[in-house]
> 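What follows is a single structure, and I will ask about it in a moment.
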Amino acid sequence: MASESPPAMPHPYWPRELRLEGYRPNDRSMGEILAFLFSVSGVLLASMWLLTGRARGMGTGRRFAVCWFTVCAFIHGVIEGWFALYYQDLPRDQAFLSQLWKEYSKGDSRYVAADNFTVCMETITAWAWGPLSAWTVISFLQQNPQRYVLQLIVSLGQLYGDVLYFYTEYREGFSHSEMWHPLYFWFYFVFMNFLWIIIPSILIVDSWLQLSRAQRLCDAASLAKAKRK
């Protein structure tokens with residue numbers, strides 16, 4: 001007679017039959033985890049806002065964009081970088097950032113289950129968009145000529161990844177969260193990710209306008225130079 005497999009470890013994730021070997025519940029509260037995430041992000045935003053206030057010729061919208069990329073560098077490089085390194089250990093690991101991901105997984109269990117798409121997407125995000133976000137911040141602070149190219153590249157990558165993130169979950173019937181839950185579905189899954197749809201879209205248009213303007217000026221200068229010959 002074949003032996004029955006042991007019952008799945010109890011956990012708060014969806015689908016309810018999801019098996020997570022060695023799962024250990026968080027010993028940090030949701031409040032502690034969210035307080036860390038938003039306090040660090042808030043400090044980075046406030047610090048960069050003050051720093052950009054000293055930059056010459058940087059308007060309010062541009063300062064907001066630089067603050068955005070500062071937070072992106074932190075989230076992509078540190079938070080998502082942790083996931084990219086330790087995704088296999090998340091269910092049983094009690095490090096603070098692992099517990100952060102276990103809390104977020106209540107809105108999308110693909111993370112705690114190490115879903116292939118999620119691992120690939122987050123690894124690219126961590127090692128590409130994290131450093132490039134930091135480079136974008138530095139480029140705007142130093143007024144480097146490549147700043148709008150970097151803004152366009154990073155924003156396109158963020159938008160593309162987030163569209164795939166939502167679309168793959170839609171194709172799976174939103175099965176990795178408690179549908180319509182006000183915190184886990186609407187705040188964790190929808191709102192916190194939809195920011196990477198709205199803001200990159202605005203920055204892509206901004207990059208388009210800035211680069212088009214620069215090309216027009218370059219073309220006009222080339223035409224004037226040709227006429228002088």
Side-chain angles (χ1 to χ4, degrees), residues 7-46 68 70-127 129-130 133 158 161-162 164-170 172-199:
M9 295 289 293
H11 58 70
Y13 306 111
W14 293 72
R16 302 304 298 145
E17 65 272 14
L18 178 67
R19 298 183 64 87
L20 298 172
E21 298 299 331
Y23 170 74
R24 295 173 63 191
N26 284 352
D27 54 28
R28 299 275 189 169
S29 69
M30 176 190 67
E32 289 179 274
I33 292 169
L34 294 182
F36 163 79
L37 178 63
F38 291 117
S39 61
V40 172
S41 298
V43 168
L44 289 172
L45 283 171
W68 163 257
T70 302
V71 173
C72 286
F74 163 65
I75 292 177
H76 296 334
V78 177
I79 305 297
E80 292 168 300
W82 181 273
F83 175 81
L85 290 173
Y86 301 109
Y87 63 89
Q88 292 180 316
D89 302 324
L90 286 187
R92 58 185 173 274
D93 189 39
Q94 293 297 80
F96 187 86
L97 290 183
S98 293
Q99 293 196 47
L100 183 152
W101 279 112
K102 285 194 283 186
E103 174 63 27
Y104 175 77
S105 293
K106 294 173 184 176
D108 187 351
S109 65
R110 291 180 293 179
Y111 285 87
V112 77
D115 169 77
N116 280 336
F117 165 78
T118 308
V119 170
C120 294
M121 180 197 68
E122 293 293 1
T123 301
I124 293 170
T125 299
W127 305 130
W129 311 139
S133 292
Q158 291 174 329
D162 217 28
L164 288 179
Y165 176 74
F166 279 118
Y167 190 48
T168 51
E169 182 62 2
Y170 163 76
E172 296 186 59
F174 297 104
S175 60
H176 298 97
S177 178
E178 184 179 353
M179 196 72 165
W180 316 126
H181 191 284
L183 178 63
Y184 302 141
F185 181 81
W186 285 113
F187 185 68
Y188 286 7
F189 177 69
V190 176
F191 174 75
M192 292 182 69
N193 289 287
F194 204 68
L195 292 175
W196 272 268
I197 297 285
I198 298 298
I199 298 177

> Mind checking whether Tyr167 and Tyr170 have parallel, tilted or perpendicular rings, split at 30° and 60°?
parallel
> Write down the atom of Ile33, the atom of Phe96, and the distance for their closest heavy-atom approach.
CA-CZ, 4.0 Å
> Looking only at heavy atoms, what is the nearest atom pair of Tyr111 and Phe83, with distance?
O-CE1, 3.4 Å
> Can you confirm whether more than 12 heavy atoms, excluding those of Phe117, are under 6.0 Å from its CZ atom?
yes
> Rounded to the nearest 0.5 Å, how far apart are CG of Leu100 and CG of Leu34?
8.0 Å
> At their closest point, which heavy atom of Trp186 faces which heavy atom of Pro182, and how far apart are they?
CB-O, 3.5 Å
> With a 4.5 Å cut-off on side-chain heavy atoms, are Ile75 and Met192 touching?
no
> So how far is it from Trp196 CH2 to Phe166 CZ, rounded to the nearest 0.5 Å?
10.5 Å
> Do you know the tightest heavy-atom contact between Leu18 and Val112?
CD2-CG1, 4.5 Å
> If you apply the rule side chain to side chain contact (heavy atoms under 4.5 Å, CB included), what do you find for Thr125 with Met121, and how did you get there?
CA-CA 6 Å; Thr125 299; Met121 180 197 68; 4.3 Å; yes
> Is a donor from one side chain sitting under 3.5 angstrom from an acceptor on the other, for Tyr87 and Glu122?
no
> Is there a donor-acceptor pair closer than 3.5 Å between any side-chain N or O of Glu169 and the backbone N or O of Ser175?
yes
> Other residues, nucleotides and ligands only: do more than 12 of their heavy atoms fall within 6.0 Å of CZ on Phe38?
yes
> Tell me whether Glu178 contacts the main-chain N or O of Pro15 through its side chain, where contact means a donor paired with an acceptor under 3.5 Å.
no
> Tell me, do Glu80 and Trp101 make a side-chain contact under 4.5 Å, heavy atoms counted?
yes
> Below 4.5 Å, heavy atoms only, C-beta onward: do Asn26 and Glu103 meet side chain to side chain?
yes
> Do Arg110 and Tyr13 come within less than 4.5 Å of each other through their side chains, counting heavy atoms only?
no
> Please give me the minimum heavy-atom distance between Lys102 and Asp93, naming the atom from each residue.
NZ-O, 3.0 Å
> Mind checking the OG1-CG spacing from Thr70 to Leu44? Nearest 0.5 Å is all I need.
7.0 Å
> For the atom pair OG (Ser41) and CZ (Phe74), what is the distance rounded to the nearest 0.5 Å?
5.5 Å
> Could you measure the distance from the CG atom of Asp108 to the CG atom of Asp115? Nearest 0.5 Å is fine.
8.0 Å
> Evaluate the ring planes of Phe185 and Trp180, with Trp represented by its six-membered ring, and classify them as parallel (under 30°), tilted (30 to 60°) or perpendicular (over 60°).
perpendicular
> Look up atom CG in Leu183 and atom CE in Met30, then write down how far apart they are to the nearest 0.5 Å.
5.5 Å
> What is the ring orientation for Phe189 with Phe174, classed by angle as parallel under 30°, tilted 30 to 60°, or perpendicular over 60°?
perpendicular
> Would you confirm whether Thr123, through its side chain, and Ala84, through its main-chain N or O, come within 3.5 Å as a donor-acceptor pair?
no
> Take atom CG in Asp27; do more than 12 heavy atoms of anything else shown fall under 6.0 Å from it?
yes
> Please report the closest heavy-atom contact between Lys106 and Ser177, naming both atoms and the distance.
O-OG, 3.6 Å
